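Single-structure report; data block below.
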Amino acid sequence: MSWQTYVDEHLMCDIDGQGQHLAASAIVGHDGSPWAKSATFPQFKPEEINGIMKDFDEPGHLAPTGLHLGGVKYMVIQGEPGAVIRGKKGSGGITIKKTGQALVFGIYEEPVTPGQCNMVVERLGDYLVDQGL
Amino acid sequence: MEAAVVDAGSRLLKAGPAVPDQAPSMIIPNQMKRMPDEGSMNDSSSFEEIIVDPVVRGLIKDWDAMEDLLHHILYTGLGWEMGNEGQILFTDPLCTPKAVREQLVQLMFETFNISGFYASEQAVLSLYAVGRISGCTVDIGHGKIDIAPVIEGAVQHIASRRFEIGGIDLTKLLAEELGKSNPLVNIKMSDVEKIKEQYSCCADDELAYEKIKRSCQTEQHTLPDGQVITIGRERYTVGEALFQPSILGLEAHGIVEQLVRCISTVSSDNHRQLLENTVLCGGTASMTGFEERFQKEAGLCSSAVRPALIKAPEYMPENLTNYSAWVGGAILAKVVFPQNQHVTKADYDETGPSVVHRKCF
């Protein structure tokens, strides 16, 4: 199964059978190299990935400045230290789940709720962790 | 059927159906007595009644007692029927450990078999009750004081602070002070609680407090068992302890200064929004004179932006301070449950208790 299939079928899937999808998603290595991404996923910079990795190691690192991805600023909200970073931007936001070797990104807009985005991203992330990835 | 909203505090438990512009239908004290089983009683005529507090310093500690209490609330108080349980929204104090949240979800789905669950932090709910999504809450409860800045519905955990002092410590302080001025009278803690609620107040400012310490008019109060005690400046000591924690023996700043310090750790674009929308909540914050004193101290504090308190909307019930988290929960319940953003039984069965961290925040 290619990484792109993971993104297309498991992250950009239909949520709760209501015809809603995440706005964009991707699976990126810890070094910032993209493994697969959806068509609408923003172009991100290496410093942004470094900032994210640092926040996983030191929770609270991104809170004062905010989480930036592709030039877009998200306000950091409660995540799970070392495992999940969650950000909010207006009525949408982002969830980032850290696995053994990758970061799973999910960006959502209204009407998808933060809870739904979390379920999709974290479910795939947990699966990858179980597979040793 | 309407969702139930439960706000389990360290002293009082507020519960009721989710009707936002009313007070909760049940406001009951948390303290429970463990009754021994019939069969295990000895022949002695007096049996020991152990007093149990299921909620300590804001967090649920005794799960069996909590289960019994919830059983009483849901089936007797709210009139739920077994087999037809509805949806329930719980309030969490700040920095609730993940394990406590998971255990609560597990208890609700497995023992009570509810159909839907949601949990939200008390700080956010208190803001919803006054009609805001951003601001700072100062929650002065029985077991703890929480200061939490909230921006657009998300608590800034980095900046929030919890102090393990609360109404219970003020009660102990009052008991000591009364003991000193009325040495011959033996007062029970529960009576001290009532005296504290009835008499305690805040001086206008530090100078007024100093004046009162030297000379104060005293009042006579009759205890339920008939003894009479005099209460003088002790009533002001209790209120002052929140602004000068050295009275309680703590090396800490007063509450307004603590608030300003918490806010200073948040990024500065938000300072004005947070400080100008400050909400006081919790039972102890409804002390006579507390709000005025808070505003006065706010005018003197060391920050460029002065903390300003929000006035509660007119359609809200009186005494909103005491149960603002519950009212906020009722408001949130009206939004979350119809839109299916809560944790359903199916979600719980599929993912297990950790689903609460993903769906509820």
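Here is how names work: the chains are called A, B, and so on, in the same order as the sequence lines, proteins then strands, and each is numbered from 1. The figures that follow rest on heavy atoms only: side chains count, while hydrogens, waters and symmetry mates do not. No experiment lies behind these values; they were computed from the predicted model shown.
B:E121 does not touch chain A: none of its heavy atoms, backbone or side chain, sits under 4.5 Å away. Heavy atoms closer than 4.5 Å to chain A are found in the side chain of B:T351, but not in its backbone. For B:H157, the part sitting under 4.5 Å from any heavy atom of chain A is the side chain, from C-beta outward, and nothing else. Proximity to chain A (any heavy atom under 4.5 Å) is restricted, for B:V355, to the side chain, taken from C-beta onward. When heavy atoms are compared at a cutoff of 4.5 Å, A:V121 does not approach chain B at all. Heavy atoms of A:R123 lying under 4.5 Å from chain B belong to its backbone as well as its side chain.
Annotation: residues 104-120 of chain A contacts chain B through A:T113, A:P114, A:G115, A:N118, A:M119 [non-hydrogen atoms, separation under 4.5 Å]. Listed in order of number, the residues of residues 24-52 of chain A that approach chain B to under 4.5 Å between heavy atoms amount to none.
When the salt bridge (charged side-chain N to carboxylate O under 4.0 Å, His left out) test is applied to B:K334, no partner is found at least two apart in sequence or on another chain. Applying the salt bridge (charged side-chain N to carboxylate O under 4.0 Å, His left out) criterion to B:R161, with sequence neighbours excluded, gives no partner residue.
Using a 4.0 Å cut-off between a side-chain N of Lys or Arg and a carboxylate O of Asp or Glu, A:D126 and B:R358 qualify as a salt bridge. For B:E152 and A:K89, the salt-bridge test fails: no basic side-chain N is under 4.0 Å from an acidic carboxylate O.
Each of B:I151, B:V266, B:V155 has some count of heavy-atom pairs under 4.5 Å with chain A, and the biggest count is that of B:I151.
A pairwise comparison of heavy atoms in A:G60 and B:I158 identifies CA-CD1, 3.5 Å as the closest pair.
Distance CD/B:Q156 to CD/A:Q78: 10.5 Å, rounded to 0.5 Å.
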